[in-house]
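Everything below concerns the one structure shown next.
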Amino acid sequence: MLTPVIDEDGAPFWEYAARGELRVQACAACGELRFPPRPCCPHCRSFDSEWRLMSGRGRIWSYVLPHPPLLPEYAAQAPYNAVLVELADAPRIRLVGNVVAAPGAPLNSVDPARLRIGAPVRVAFTEVDGVTVPRWLLERS
Ligand SMILES: [Zn+2]
């Protein structure tokens with residue numbers, strides 16, 4: 001599997017994920033949330049930031065079902081999904097991920113026919129090759 005490339009700005013995201021917390025970077029001066037993480041606030045240009053705890057709830061904003069050609073390990077799991085999740089606490093922030101049946105379940109563990117734009121999801125964490133990554137579980141709507 002491909003694992004995240006962790007840079008200095010994004011490192012706290014992954015450290016919190018390893019503790020089971022979904023946190024988004026926020027400006028400590030004006031309070032605006034921003035993603036992906038970066039040093040400077042695009043709204044007020046402050047370099048002071050903090051990491052705000054999210055509820056872990058969101059909605060599927062969009063999704064795709066990738067088709068070949070795929071990397072071999074992904075081809076073996078097709079059909080799977082890749083979703084954009086709009087966070088309930090930060091509607092302008094959307095995270096890329098996968099909807100799965102359980103935190104450690106394979107990428108193809110949810111029937112693509114069950115996915116709907118707007119469907120409520122909640123975050124769950126699983127370890128992939130030593131990195132804890134967020135995954136998404138469908139909520140009953
Ligand atoms: Zn700011």
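One-based numbering, in listed order, for ligands and for the atoms of each. Values in this document were obtained by computation on a predicted structure and should not be read as measured data.
For residues 110-136, the salt bridge (Lys or Arg N to Asp or Glu O under 4.0 Å) pairs, not counting sequence neighbours, are R122-E139.
No donor-acceptor pair under 3.5 Å is formed between the side chain of D48 and the backbone N or O of A29.
Heavy atoms of other residues, nucleotides or ligands lying less than 6.0 angstrom from CH2 of W51 number more than 12.
Under a 4.0 Å N-O distance rule, the pair R23/E15 does not qualify as a salt bridge.
Scanning for ring pair (Phe, Tyr, Trp, His ring centres under 6.0 Å) contacts around Y80 gives Y74, with sequence neighbours left out. For R52, the salt bridge (Lys or Arg N to Asp or Glu O under 4.0 Å) partners two or more places apart in sequence, or in a different chain, are E50.
Excluding waters, the protein N/O/S atoms found under 2.8 Å from the Zn ion (ligand 1) are C27 SG, C30 SG, C41 SG, C44 SG.
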